**Student:** 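First, the structure itself, so that you have it in front of you.
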Amino acid sequence: MGMPLDPRASGEFIASCAKDVSINNQKMCELATMLADVLGKDEYGMRSWKGHPLHPDRTDFATVDWIFVADTLNFSFWGENDNKFGVKYNGKLYTGYWSLHAAIRRALQEEVNIIDPKFYAKMDKSEFVHFLRSDTSWPIPLLDERYKVLKEAGNILNEKYESTFVTCITESKSNAVKLMELIVKNFPSYRDEAEYEGKKVCFYKRAQILVSDVWACFEGNAIGAFTDIDCLTMFADYRIPQVLAYLGVLKYSDALTTKLQDEYLFCNGDREEVELRGCSIAAVELLKEEIKEKLSSNNATKNIKVNSALIDFFLWDYQQKHRRDVQKVPFHKVRCIYY
């Protein structure tokens, strides 16, 4: 079948063929107006990434390796029947994505150098289980798979990249797309691809968020100074489709809505799952262009930069802030290592 379409082309193709997911252009324009206003008033931006208390607060090479570990393990946190994996750090219980950063901080506080590939490539199963031990009665999902992909990634960094993800970034020569391609080529767990309507498509959720997290952490400077960050798409997971549906940008068929309400467990690569992810990419690309047009028409905001990564960060934070309301729209459930 050859090489897959890149994430942007994949999103466009999937959206053009989708049977159960569609984009509401009117709602997309309304959301673009809201986001242009937020960005225009400098209420949200790249600096917001560091505003999260569990994200790394340093900008050094060790932070790059921290981000690599976090995004290598950044998948499948949703719980069943309100049972959630959780980690306590500094007296507060964190669940979901934040539980992973809490576990990393807890390990570092315990003088376990979990961000060093030389350590985690050789880590035995009991050490890994201790690192991701839960402070609730619900263990982290896909524990065996996480152990496998982290050790695999550590071995690759040690063999090919001088035991640091920094070397991989240096090889990309500050090119975000090149770095994404290096990640996908060299680290098998990042090969987030599917077949749809006779074509090979890709999403590369974790590869793109890894590049974007480095960019945001370093505020587009130093090792995070990617010249083409605007070429990346959003990070197609299960939360962004949910918030886009809540905001009316994505519309689902009755059949898909019934499956979501019944908490149907999709398999990675199912047609509906591919459509949910692909249409999310296409919707955010449309949203980005609409926001750019609105900002450029105003002298006060025409120089403000906007890209799909920043939009994704905003939507994910919006989902967290308005979780009680957003959860009225069910998200699609799938257990896999890609998101």
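All values derive from a computational prediction rather than experimental measurement. Residue numbers count from 1 along this sequence.
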**Student:** Are any of the side-chain nitrogens in Lys178 or Glu181 under 4.0 Å away from the carboxylate oxygens of its partner?
**Tutor:**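 Glu181 and Lys178: not salt-bridged.
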**Student:** With a 4.0 Å cut-off, would you call Lys294 and Glu290 a salt bridge?
**Tutor:**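 Salt bridge: yes.
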**Student:** Report yes or no: do Thr233 and Glu285 form a side-chain donor-acceptor pair below 3.5 Å?
**Tutor:**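 There is no such pair between these side chains.
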**Student:** Flag the pair Asp42 and Arg47 as a salt bridge only when some basic side-chain nitrogen lies within less than 4.0 angstrom of an acidic carboxylate oxygen.
**Tutor:**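 Salt bridge flag = yes for Arg47 with Asp42.
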**Student:** Test salt bridge (Lys or Arg N to Asp or Glu O under 4.0 Å) on Arg277 and Asp192 and set out the steps.
**Tutor:** CA-CA 11 Å; Arg277 301 182 75 199; Asp192 180 10; 2.6 Å; yes
**Student:** Is it true that a side-chain atom of Glu273 and a backbone atom of Gly269 form a donor plus acceptor pair closer than 3.5 Å?
**Tutor:** yes
**Student:** So, Asn307 side chain and Ile229 main chain: donor-acceptor pair closer than 3.5 Å or not?
**Tutor:**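 Absent.
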**Student:** Which label fits His322 and Tyr318: parallel for a plane angle under 30°, tilted from 30 to 60°, or perpendicular past 60°?
**Tutor:**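 Tilted: the ring planes of His322 and Tyr318 meet at 30° to 60°.
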**Student:** Is the shortest side-chain N to carboxylate O distance from Asp60 to Arg58 below 4.0 Å?
**Tutor:**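 Between Arg58 and Asp60 there is a salt bridge, with a charged N closer than 4.0 Å to a carboxylate O.
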**Student:** Would you say the rings of His55 and Trp66 are close, in the sense that their centroids are separated by under 6.0 Å?
**Tutor:** no
**Student:** Evaluate the side-chain proximity of Asp57 to Lys50: yes if any heavy-atom separation is below 4.5 Å, no if none is.
**Tutor:**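 SC-SC contact between Lys50 and Asp57 ruled out.
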**Student:** Is the shortest side-chain heavy-atom distance between Phe203 and Val274 below 4.5 Å?
**Tutor:** yes
**Student:** Does the plane of the ring in Trp215 sit parallel, tilted or perpendicular to the ring in Phe313? Use 30° and 60° as the thresholds.
**Tutor:**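 Trp215 and Phe313: parallel rings.
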**Student:** Hey, do the aromatic rings of Tyr339 and His332 have their centres closer than 6.0 Å?
**Tutor:** yes
**Student:** Side chain of Asn81, backbone of Asn83: donor and acceptor closer than 3.5 Å?
**Tutor:**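 No; judged by distance alone, with no hydrogens or angles, the pair does not exist.
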**Student:** Indicate yes or no: does Glu110 engage Arg133 in a salt bridge with an N to O separation below 4.0 Å.
**Tutor:**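 Between Arg133 and Glu110 there is a salt bridge, with a charged N closer than 4.0 Å to a carboxylate O.
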**Student:** Are Asp65 and Thr63 packed together at the side-chain level, in the sense that at least one heavy-atom pair is separated by less than 4.5 angstrom?
**Tutor:**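 Side chain of Asp65 against side chain of Thr63, heavy atoms only: no contact under 4.5 Å found.
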**Student:** Tell me if the aromatic rings of Trp316 and Tyr97 count as close, with their centers under 6.0 Å from one another.
**Tutor:**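 So the answer is yes for these two rings.
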**Student:** Could you check whether Glu195 pairs with Lys199 (Lys NZ or Arg NE/NH1/NH2 to Asp/Glu carboxylate O, under 4.0 Å)?
**Tutor:** no
**Student:** Please determine whether side chain to side chain contact (heavy atoms under 4.5 Å, CB included) holds for the pair Ile114 and Met123, giving the CA-CA distance in whole Å, both sets of side-chain angles, and the decisive distance to 0.1 Å.
**Tutor:** CA-CA 9 Å; Ile114 192 62; Met123 182 169 45; 3.9 Å; yes
**Student:** What is the ring orientation for His101 with Trp98, classed by angle as parallel under 30°, tilted 30 to 60°, or perpendicular over 60°?
**Tutor:**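 The rings of His101 and Trp98 sit tilted, inter-plane angle from 30° to 60°.
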**Student:** Using a strict threshold of under 4.0 Å (side-chain N to carboxylate O), is an ion pair present between Arg106 and Asp135?
**Tutor:**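 A salt bridge links Asp135 with Arg106.
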